[in-house]
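In what follows, a structure is listed as structure tokens, so that the remarks can point back to it.
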Amino acid sequence: MKKIMLVFGTRPEAIKICPLVNELKTRRSIKTIVCVTGQHRQMLDQVLTTFNIVPDFDLKIMKDKQTLFDITTGILEKIKAVLEKVEPEVVLVHGDTSTAFVTALACFYLKIPVGHVEAGLRTHNIFSPYPEEFNRQAVGIISQYNFAPTPLAAEHLLKEGKNSKNVYITGNTVIDAMRYTVKENYRHPELDWVGDDKLIFITAHRRENLGEPMHHMFRAIRRVLDEHPECKAVYPIHMNPIVREAAELEFGDCQQIHIIESIEVIDCHNFEARAFLCLTDSGGIQEECPSYGVPVLVMRDTTERPEGVDAGTLRLVGTDEEVIYSTFTELLENEKAYAAMSNACNPYGDGHACKRIADILEFGSYEPWIKQ
Ligand code: UD1
Ligand code: UDP
């Protein structure tokens, strides 16, 4: 049996890798081992419960207001013993988190082959998003198997000198996850509260936005909500206490926004599918909303997911208060501008990425999502 270990630690990694864990478990020639770093705690555990996954190892490294140093040293110190005990033939990591980077580094030190799921996304600016662009480039140097979600991601890897035999175009596993989560007859008390009003869905957490940029983002949203009583905003807040302080200050007494605790992924995907508009600095949400034709204002200066921008569903608005205010207002007041952004499209995958990745690992061959 081929021993494949999957290591992840945050909510978005879990959402995108749990469907792969479950696919690998169906393969007879593969022994699947799950190690979580616990970079996140409650937000990670929520997803594990949704996908019925019980980790074999848990490094439990999360600290309140942890720094990049805390995460890096915490994982590096603890993961060595797990890797030496399990001796996996391949370790799979996902995306761009510090969990992915540090795990890949540990595997490199122990000469264990790494497979990178969601490989090849790039902004080419290691400070934006920070530290994620560095993390994914660093994993890219180490990884032997490169599971690129899109042709563009594969192109980036080939330009960086990766051998084309090790670059696979699989689609993004988040689309696989959405096949499982989004339901026609879904109901939730928050959606009842919104009723026939326009649901504005908000999330925010990026490290480079903490502080002043986040206050600007929130002030812009607040101004628009005050001027548009037909909107009701639902904002499942990140557990980072710095985000909470900013949200409390800027939205504290606003009746049109419900700031709620982090919601389960099933709720999140269904809220997105029913939203009028989404404002976010998240990575994953930029991939999810296009499937439902829900326009997204991306409150960041760069995106590693330009496919949605090209398709017209995403618009980069940065963190400037006036730009967010005017773009958000335009989409509420100008039907044509809104219609131009609200076409459903699926530039990130077809929902069969996990099968492809498992085929590559089990048989060494697969049917690409899109041929280059
Ligand atoms: C991390 C990832 C980021 C990803 C994001 C998804 C890195 C460096 N950053 O950023 O790429 O987009 O996750 O959400 O890998 N907290 C809790 N409970 C939880 C989770 C977080 O209390 O379950 C609080 C803790 O105080 C923690 C803080 O949030 O210190 C920040 O968590 P951290 O993983 O350091 O950063 P994120 O901003 O979540
Ligand atoms: N998400 C969730 N509950 C929430 C907020 C987000 O399940 O309360 C999901 C969302 O659907 C997406 C992922 O978490 O799949 C995105 O996570 P996040 O924005 O924290 O990280 P990023 O994608 O920016 O790395």
Side-chain angles (χ1 to χ4, degrees), residues 8-19 36-51 60-72 74-75 93-103 118 121 129-136 138-139 172-178 180-182 190 201-210 214 234-245 258-273 275 278-289 291-292 294 296 298-300 303-305 348:
F8 52 98
T10 65
R11 170 174 66 194
E13 295 168 274
I15 291 170
K16 291 168 164 181
I17 220 163
C18 284
V36 295
T37 61
Q39 178 179 335
H40 283 174
R41 191 68 278 162
Q42 303 89 328
M43 288 162 58
L44 170 71
D45 294 343
Q46 254 183 354
V47 184
L48 293 171
T49 307
T50 300
F51 286 93
K60 298 187 178 158
I61 64 125
M62 196 198 85
K63 286 186 192 164
D64 206 26
K65 294 193 180 174
Q66 62 202 356
T67 65
L68 297 175
F69 290 88
D70 296 327
I71 304 171
T72 305
I75 297 171
V93 298
H94 182 278
D96 56 18
T97 64
S98 292
T99 285
F101 161 58
V102 181
T103 301
E118 200 180 86
L121 276 63
Y130 173 84
E132 288 82 6
E133 177 68 11
F134 166 80
N135 287 343
R136 58 180 157 239
V139 177
N172 197 306
T173 57
V174 78
I175 309 296
D176 300 33
M178 290 186 91
Y180 171 73
T181 52
V182 179
E190 288 299 333
F201 189 68
I202 300 167
T203 77
H205 72 83
R206 294 241 82 79
R207 258 189 164 73
E208 68 272 19
N209 286 345
L210 298 178
M214 199 162 277
V234 177
Y235 173 13
I237 195 163
H238 193 283
M239 293 199 73
N240 189 334
I242 304 168
V243 176
R244 286 166 181 252
E245 284 155 26
H258 277 185
I259 299 180
I260 57 175
E261 288 306 319
S262 162
I263 48 181
E264 281 183 29
V265 60
I266 293 182
D267 297 319
C268 193
H269 287 175
N270 282 284
F271 280 27
E272 286 169 33
C278 177
L279 292 110
T280 188
D281 63 9
S282 163
I285 290 174
Q286 295 178 55
E287 293 155 345
E288 294 162 356
C289 286
S291 301
Y292 296 93
V294 175
V296 182
V298 183
M299 299 182 290
R300 296 169 47 173
T303 182
E304 58 292 271
R305 293 163 168 95
Y348 298 109

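Bear in mind that the values here come from a model prediction, so they are computed numbers and not experimental data. Keep in mind that the numbers below use all heavy atoms, side chains included, and drop hydrogens, waters and symmetry copies. First listed ligand is number 1; within each ligand, the first listed atom is number 1.
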Can you check whether [X] has an N/O within less than 3.5 Å of an N/O in ligand 2?
X	answer
Ile263	yes
Gly283	yes
Glu272	yes
Ser282	yes
Arg11	yes
Ile285	no

* Check whether any side-chain heavy atom of His269 sits under 4.5 Å from a side-chain heavy atom of Tyr180, and report yes or no. => no

Among all protein heavy atoms, pick the one closest to [atom] and tell me residue, atom and distance.
atom	answer
atom 5 (C) of ligand 1	His205 CE1, 3.5 Å
atom 25 (O) of ligand 2	Pro12 CG, 3.3 Å
atom 22 (O) of ligand 1	Met62 CE, 3.5 Å
atom 1 (N) of ligand 2	Cys268 SG, 3.4 Å

Test of understanding: given a 4.0 Å heavy-atom threshold, classify the contact between [X] and ligand 1 as side chain, backbone, both, or neither.
X	answer
Pro241	side chain
Lys63	backbone
Ile71	side chain
Ser282	neither
Ser98	both
Thr99	neither
Lys65	backbone

Would you say [X] has any N or O atom under 3.5 Å from an N or O of ligand 1, going by distance alone?
X	answer
Thr10	no
Arg11	no
Asn135	no

* Considering only NZ, NE, NH1 and NH2 on the basic side and carboxylate oxygens on the acidic side, decide whether Glu261 and Arg244 come within less than 4.0 Å. => yes

* Arg206 touching ligand 2 at heavy-atom level, < 4.0 angstrom -> yes

Can you list the atoms of ligand 2 that are under 4.0 Å from a heavy atom of [X]?
X	value
Glu288	10 (C), 11 (O), 12 (C), 15 (O)
Gly284	22 (P), 23 (O)
His269	11 (O), 15 (O)
Ile15	7 (O), 9 (C), 13 (C), 14 (O), 15 (O)
Pro236	8 (O)

* Asked: atom 7 (O) of ligand 2: which of Thr280, Val265, Thr50 has the nearest heavy atom?
  -> Val265

* To do: Only counting residues at least two apart or in another chain, list the ones meeting salt bridge (charged side-chain N to carboxylate O under 4.0 Å, His left out) with Arg207.
  => none

* Could you tell me if the ring centre of Phe101 sits under 6.0 Å from that of Phe134? => yes

* Structure fact -> Leu68 heavy atoms within 4.0 Å reach ligand 1 at atoms 8 (C)

* Structure fact -> The atoms of ligand 1 lying under 4.0 Å from a heavy atom of Glu132, numbered in the order shown, are 2 (C), 3 (C), 9 (N), 11 (O)

* Go through Glu13 and Lys16 one step at a time and tell me if the salt bridge (Lys or Arg N to Asp or Glu O under 4.0 Å) criterion holds. => CA-CA 5 Å; Glu13 295 168 274; Lys16 291 168 164 181; over 6 Å; no

* So, Glu132 and Thr97: side-chain donor and acceptor under 3.5 Å apart, yes or no? -> no

* To do: Check the pair Arg300, Asp281 against salt bridge (Lys or Arg N to Asp or Glu O under 4.0 Å), reporting the backbone distance first and the verdict last.
  => CA-CA 6 Å; Arg300 296 169 47 173; Asp281 63 9; over 6 Å; no

* Asked: Counting N and O atoms only, with roles assigned by atom type, does the side chain of Asn270 sit under 3.5 Å from a partner on the main chain of Ile266, one being a donor and the other an acceptor?
  -> yes

* Is a side-chain donor or acceptor of Tyr348 paired with a backbone partner of Arg305 at a separation under 3.5 angstrom? -> yes

* Asked: Should we count CZ of Phe51 as having more than 12 external heavy atoms under 6.0 Å?
  -> yes

* Asked: With a 4.0 Å cut-off on heavy atoms, does Gly283 reach ligand 1?
  -> no

* **ligand 2 contact on His205 by region, counting heavy-atom pairs under 4.0 Å** => side chain

* Go through Thr280 and Gln286 one step at a time and tell me if the side-chain hydrogen bond (donor to acceptor under 3.5 Å, both in side chains) criterion holds. => CA-CA 8 Å; Thr280 188; Gln286 295 178 55; over 6 Å; no

